[in-house]
Amino acid sequence: MLTTKFITENATEVIARLAKKHFDASLIVSEVISLDTLRKTTQTKLDEVLAEMNAISKAIGDLYKQGKKQEADEAKEKTVVLKEKSKELSDILDSAEQKLHTLLLQIPNLPHASVPEGKGADDNTIERSGGTIPSLPANALPHWELAKKYDLIDFELGVKISGAGFPVYKGKGAQLQRALINFFLSNASQAGYLEIQPPYVVNAASGYGTGQLPDKDGQMYHATIDDLYLIPTAEVPVTNIYRDVILQEKELPIKNTAYSACFRREAGSYGKDVRGLNRLHQFDKVEIVQIQHPDKSYETLDEMVNYVQTLVEKLELPWRILRLCGGDMSFTSALTFDFEVFSAAQNRWLEVSSVSNFESFQANRLKCRYKGDDKKTSLCHTLNGSALALPRIVAALLENNQTEEGIVIPKALVPFTGFTLIS
RNA sequence: GGAGAGAUGGCAGAGUGGUCGAAUGCGGCGGUCUUGAAAACCGUUGGCCUGCGAGGGCCCGGGGGUUCGAAUCCCUCUCUCUCCGCCA
């Protein structure tokens with residue numbers, strides 16, 4: 001959420017920059033400005049009335065102490081009008097504030113100047129790429145066939161127990177999952193991230209804090225009996241650690257990492273691109289989160305992107321980094337880099353990570369601030385990224401590394417799997 | 001699930017319906033002293049809105065009410081803790 005102050009002071013800039021996200025903000029910005037004006041003037045009037053009330057109340061107290069009961073009663077009469085007036089004004093104020101808040105929630109984050117123009121995924125620009133795309137034999141199998149051939153993942157069993165999108169990992173399939181989680185976590189720890197084990201269900205306040213609510217209400221599983229939500233990513237609980245927190249400037253940056261299972265309803269997405277591991281209702285992911293000083297958040301974004309790059313390189317997967325265009329970016333992001341790996345048998349790129357700088361957009365909702373030496377409090381910047389999401393990594397590993405003998409485990413992962421080949 | 005207690009500043013913990021935004025202690029910060037440190041002593045120490053500023057207003061879990069006036073009284077919601085039961 002943008003701050004009212006920023007919008008009112010930079011109205012034309014806000015409108016111009018949001019055009020890149022294909023969001024016409026002209027109307028909403030002018031409404032924000034007029035509501036904010038109303039809010040300020042009403043607040044001032046109300047404060048005056050309240051100040052007078054306070055003065056009278058105090059005087060009445062004194063009069064009673066002096067035993068001047070009649071004068072006190074006279075003073076009481078004066079408050080009747082003031083009371084009505086204050087009620088009236090605070091009603092106006094409440095409604096203005098509420099409307100203002102509703103509008104603010106509808107305004108997306110401003111895209112960074114470096115965000116390319118564009119409508120959708122085709123307009124994202126390739127930042128850089130690496131690794132080599134393997135040339136597979138004609139009879140190469142997609143990962144869902146390989147998973148069956150080597151008895152690694154049972155999709156039908158998941159349907160029986162839960163439903164589509166809840167695979168059951170078995171044997172070396174399960175061990176591979178565990179190895180990847182450990183691989184990602186231990187890399188993150190070495191890179192200076194503090195490992196966190198967060199709750200997998202969160203309350204509504206946390207959902208609002210990171211922006212899943214109210215925007216993406218239908219995307220989370222909701223345990224209505226307790227009004228708790230299953231997390232779609234560890235970002236939600238880990239970032240909400242800092243909700244309503246004022247950090248000391250010297251504590252920045254905060255670097256946290258967490259593994260979690262992630263739950264997504266993925267309502268409305270069906271078709272061939274959801275085959276196998278490509279899109280699931282439950283999957284595993286290691287997330288990295290940073291909270292940083294506003295002046296340093298873009299350096300940090302680069303650092304995080306570089307870090308994720310080391311992971312795909314160690315896994316020896318062909319990768320590329322996309323700079324998302326205005327039309328493909330999320331509501332909350334200012335700049336996002338997506339990582340894709342090439343899954344050779346499906347012959348397509350799969351998104352395995354998304355690294356974003358939210359600037360102060362998320363922090364404003366969270367009320368996550370820092371206090372500097374000047375004792376002023378200001379909003380932090382928040383960033384996060386997947387490092388990494390497992391299923392599509394597994395898909396690419398299985399497909400790209402298939403040989404006559406079996407599936408070859410990348411060297412960097414062997415210490416974690418304890419085996420070199422799936423056969 | 002049953003019974004009870006409670007929610008106050010970074011933490012602990014007072015608080016009579018009226019100079020309470022709130023005692024006191026600890027912690028934090030600054031200083032004196034010291035070669036340095038500790039101790040001791042002195043000072044300081046929340047957030048939000050508004051205003052150039054002086055200042056004004058709001059905040060004692062959330063919401064509502066009573067009252068000229070509420071941290072204090074009433075209603076309601078949420079949460080936490082203790083004991084019992086069940087249980088990884």
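Atoms considered below: every heavy atom in the structure, side chains included; atoms not considered: hydrogens, waters and symmetry mates. Reminder, nothing fancy here: chain letters follow the sequence lines and each chain counts from 1.
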Around atom CD of A/E31, are there more than 12 heavy atoms from other residues, nucleotides or ligands closer than 6.0 Å?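 Atom CD in A/E31 is packed in, count exceeds 12.
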In whole angstroms, how far is the [atom2] atom of [N] from the [atom1] atom of [X]?
X: A/Y370; N: B/rG46; atom1: OH; atom2: P; result: 20 Å
X: A/I56; N: B/rC68; atom1: CD1; atom2: P; result: 12 Å
X: A/L93; N: B/rC48; atom1: CG; atom2: C1'; result: 13 Å
X: A/M53; N: B/rG18; atom1: CE; atom2: P; result: 18 Å
X: A/D244; N: B/rC48; atom1: CG; atom2: P; result: 12 Å
X: A/L247; N: B/rG28; atom1: CG; atom2: C1'; result: 16 Å
X: A/L379; N: B/rG47; atom1: CG; atom2: P; result: 14 Å
X: A/E97; N: B/rC58; atom1: CD; atom2: C1'; result: 10 Å

Please determine, for the side chain of A/S57, which listed nucleotide (B/rC68, B/rG57, B/rC48) has the closest atom?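 Selected nucleotide: B/rC68.
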Is the shortest side-chain N/O distance from [X] to OP1 or OP2 of [N] below 4.0 Å?
X: A/K371; N: B/rG47; result: yes
X: A/R369; N: B/rG47; result: no
X: A/T377; N: B/rC48; result: yes
X: A/K83; N: B/rG69; result: yes

Sub-3.5 Å pairs of nitrogen or oxygen atoms, protein against nucleotides 50-52 of chain B:
residue, atom, partner, partner atom, Å
B/rU50, OP1, A/R39, NH2, 2.8

Let's test this: given Watson-Crick or G-U wobble pairing with both distances under 3.5 Å, identify the partner of [N].
N: B/rU24; value: B/rA12
N: B/rC68; value: B/rG18
N: B/rC58; value: B/rG47
N: B/rG30; value: B/rC42
N: B/rU78; value: B/rA7
N: B/rU35; value: none
N: B/rC83; value: B/rG2

Between [M] and [N], how far apart are the [atom1] atoms? Round to whole Å, please.
N: B/rU72; M: B/rA7; atom1: C1'; result: 15 Å
N: B/rU78; M: B/rG63; atom1: C1'; result: 10 Å
N: B/rG10; M: B/rG62; atom1: P; result: 14 Å
N: B/rG6; M: B/rG57; atom1: P; result: 34 Å
N: B/rU50; M: B/rC29; atom1: C1'; result: 29 Å
N: B/rG17; M: B/rA71; atom1: C1'; result: 10 Å
N: B/rG51; M: B/rG56; atom1: C1'; result: 9 Å
N: B/rU45; M: B/rC26; atom1: C1'; result: 13 Å

Heavy-atom nearest nucleotide on RNA chain B for A/K58 versus A/A51: which residue maps closer to 5'?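 Of the two residues, A/K58 wins.
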Starting from the 5' end of RNA chain B, give me the residue, A/K87 or A/D62, whose nearest nucleotide shows up first.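 Nearer the 5' end of the strand: A/D62.
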How is [X] classified with respect to the nucleic acid when contacts are heavy atoms under 4.0 Å: base, sugar-phosphate, or nothing?
X: A/L82; answer: nothing
X: A/A75; answer: nothing
X: A/N54; answer: sugar-phosphate
X: A/I60; answer: base

Taking the side chain as every heavy atom from C-beta outward, state whether [X] and [Y] have any atom pair closer than 4.5 Å.
X: A/N187; Y: A/Y307; result: yes
X: A/K170; Y: A/D151; result: yes
X: A/Q212; Y: A/V236; result: yes
X: A/I7; Y: A/I107; result: yes

Measure from NZ or CZ of A/K172 to the centre of the six-membered ring of A/Y150, then state whether that distance is under 6.0 Å and the direction lies within 45° of the axis.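 Here A/K172 fails the 6.0 Å and 45° test against A/Y150.
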By side-chain hydrogen bond (donor to acceptor under 3.5 Å, both in side chains), which residues pair with A/S360, not counting sequence neighbours?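 A/S360 satisfies side-chain hydrogen bond (donor to acceptor under 3.5 Å, both in side chains) with no residue once adjacent residues are dropped.
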Carboxylate-amine/guanidinium proximity below 4.0 Å for A/K371 and A/E249: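 Result for this pair is no, no salt bridge flagged.
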Please give me the minimum heavy-atom distance between A/H112 and A/K20, naming the atom from each residue.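 Looking at all heavy atoms of both residues, the closest pair is O-NZ, 3.7 Å.
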Once side chain to side chain donor-acceptor pair (under 3.5 Å) is applied, what residue pairs with a partner in residues 188-209 of chain A remain, sequence neighbours excluded?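 Pairs touching residues 188-209 of chain A that pass the test: A/Y193-A/Q290, A/N203-A/S206, A/S206-A/R243.
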